[in-house]
Amino acid sequence: MENAVRKFIDKHSLLHQGARVLVGVSGGPDSMALLHFLSTVREEWNLDLQVLSVDHQLRGEESEGDFNYVKQICKDWGLTFHGTSLDVRSHARTERISMEVAARELRYKFFAQKMIELHADYLALGHHGDDQVETLVMKLVRSATSTSFQGIPVQRPLAGGMIIRPLLAVTKSEIEVYCETHNIIPRIDATNLESIHTRNYYRHHVIPLLKEKNANLHRTAQHLSENLEEDETYMQKQAKKVLDEAVVFNHEKHQVIMDINLFKKHDQSLQRRAFHLILNYLYETIPSHLSYVHEEQFFTLIRKSHGNTKLDFPHCLKLNRAYDRLTFYFEQSYPLQENFNQMLVLPGTTYLPDGSVIKATYTATIGKETPFSLYIAASGLSLPLYVRTRKNGDRMSWKGLQGTRKLKDIFIDEKIPIERRNSWPIVVDSNGHILWLVGLKKGKQIEVNDKQFVYIQYEKGHQ
């Protein structure tokens, strides 16, 4: 076992001279073999070796006995010990998660705290080659995407340092032989012998059958895991480039806006990964009931040629397609726009609910108009003027149009998203005649040789 682990450490550059290494030790064969191996190379690598141990308080006196066993071993071997007891049951109830997930969350929180507190370079954990096989087989059964089908990483960042797993190079049986050879008598968790837990079922009933066909299955699994990780790292980098080109992240509102046409220019494998990167950004924790079905709904949505469509995702996440734009937002952060009907201050400034302003004044000359400015002849103008949101049945006319058109049809022609239409500012006279659908259409006016005009200018707010 020693030679295999040494080669694995060298291949992946898992340690460096003078490093401070924390070792997560439960008292079982895997972590005890890891601790013993690292203690044998401690002087060679000039390692500052310290031990972390956790009592999850799930097996009463047995788990307390494991904890005390590790503490005594550290004393016997001259190693610094750091231990804690965790109330896993309370955490599971509060967060409404399984005991397994709760234990892992609290355990890694403790590990991270100690990594920071002790300025550690590495946290060494005892996952081995059979664990890798079990993980890949379990993911093969339940995963629907290649991004989910990945094994246990050889190393990954944690709290300013790196988690390392040197024993992925060896099997459970090799570890047991190592313990026997070095007179290590580990603690045995009886629950690991039961098949009621999913991983234990695979461990006792599935993996042995596979090993009958390939005795070196752990090496095959590790090679596959490393290749998948390398490929996925590259694909993730390319997917981030897709986001840079086609997606805008609104951090203030916690929203994402996608240019669908730019997004669809890329290969679907990158689109899929970019979609999941968006979900990772939006969700603090990915909901357990978010599945490949939602992914399929997303792709169906962006493949539609036009129009407005909405999707509901878990935890009130909404996907709203408005023509060639797709907005991801949470319902609570995207309140309904406020309707308004305000008298236009003339001369003066009128403030709208979204922070936009409309400035109006009298002038004797006409300058160059823009889509966000309007000149109206003052003579014959029915004052006061108002700025309001649309009403049912609103219609207007403009120069060159025979008759009138519904505002609803204008919004559709101009591809205005549904959620923006009800808050769109409209300037009307005292008779309700629409003078200006701001930024889109200017009402038909009677041409007069007037010496005074009303000049109105719209400035968009920043909210």
Can a donor-acceptor pair be found between the side chains of [X] and [Y] at a distance below 3.5 Å?
X	Y	answer
R303	T300	no
H91	D87	no
Q238	H266	no

Check [Y] with [X], please: is the shortest side-chain N to carboxylate O separation under 4.0 Å?
X	Y	answer
K318	D312	yes
E232	R273	yes
D131	R165	no

Which residues share a side-chain contact (heavy atoms from CB on, under 4.5 Å) with [X], sequence neighbours left out:
X	answer
A103	H56, V88, R107
Y351	T349, V357
E414	I410, I416, L440, K441

Quick one: list whatever passes side-chain hydrogen bond (donor to acceptor under 3.5 Å, both in side chains) with [X], sequence neighbours left out.
X	answer
N214	T220
N46	none
N216	R219

For F411 and W424, take the angle between the two ring planes, folded into 0 to 90°, and tell me which bin it lands in: parallel under 30, tilted 30 to 60, perpendicular over 60.
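The arrangement is perpendicular - the two ring planes meet at more than 60°.
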Which word best sums up how the rings of F298 and F328 line up, parallel for under 30°, tilted for 30 to 60°, or perpendicular for over 60°?
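The arrangement is tilted - the two ring planes meet at 30° to 60°.
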With sequence neighbours excluded, give me every salt bridge (charged side-chain N to carboxylate O under 4.0 Å, His left out) pair touching residues 8-37.
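Only K11-E226, R20-D48, D30-K172 qualify under salt bridge (charged side-chain N to carboxylate O under 4.0 Å, His left out).
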CD1 of I260 to CD of Q271: how many Å apart, nearest 0.5 Å?
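Output value for this atom pair is 10.5 Å.
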Going by the rule ring-ring contact (aromatic ring centres under 6.0 Å, His included), which residues pair with [X] if we only count those two or more places apart in sequence or in a different chain?
X	value
F313	H294
H12	F8
Y281	F249, H251, H254

Those residues that, when tested against K359, pass salt bridge (charged side-chain N to carboxylate O under 4.0 Å, His left out) (two or more places apart)
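Salt bridge (charged side-chain N to carboxylate O under 4.0 Å, His left out) list for K359, sorted by chain: E459.
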Salt bridge (charged side-chain N to carboxylate O under 4.0 Å, His left out) partners for R6, two or more places apart
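Expected list: E44.
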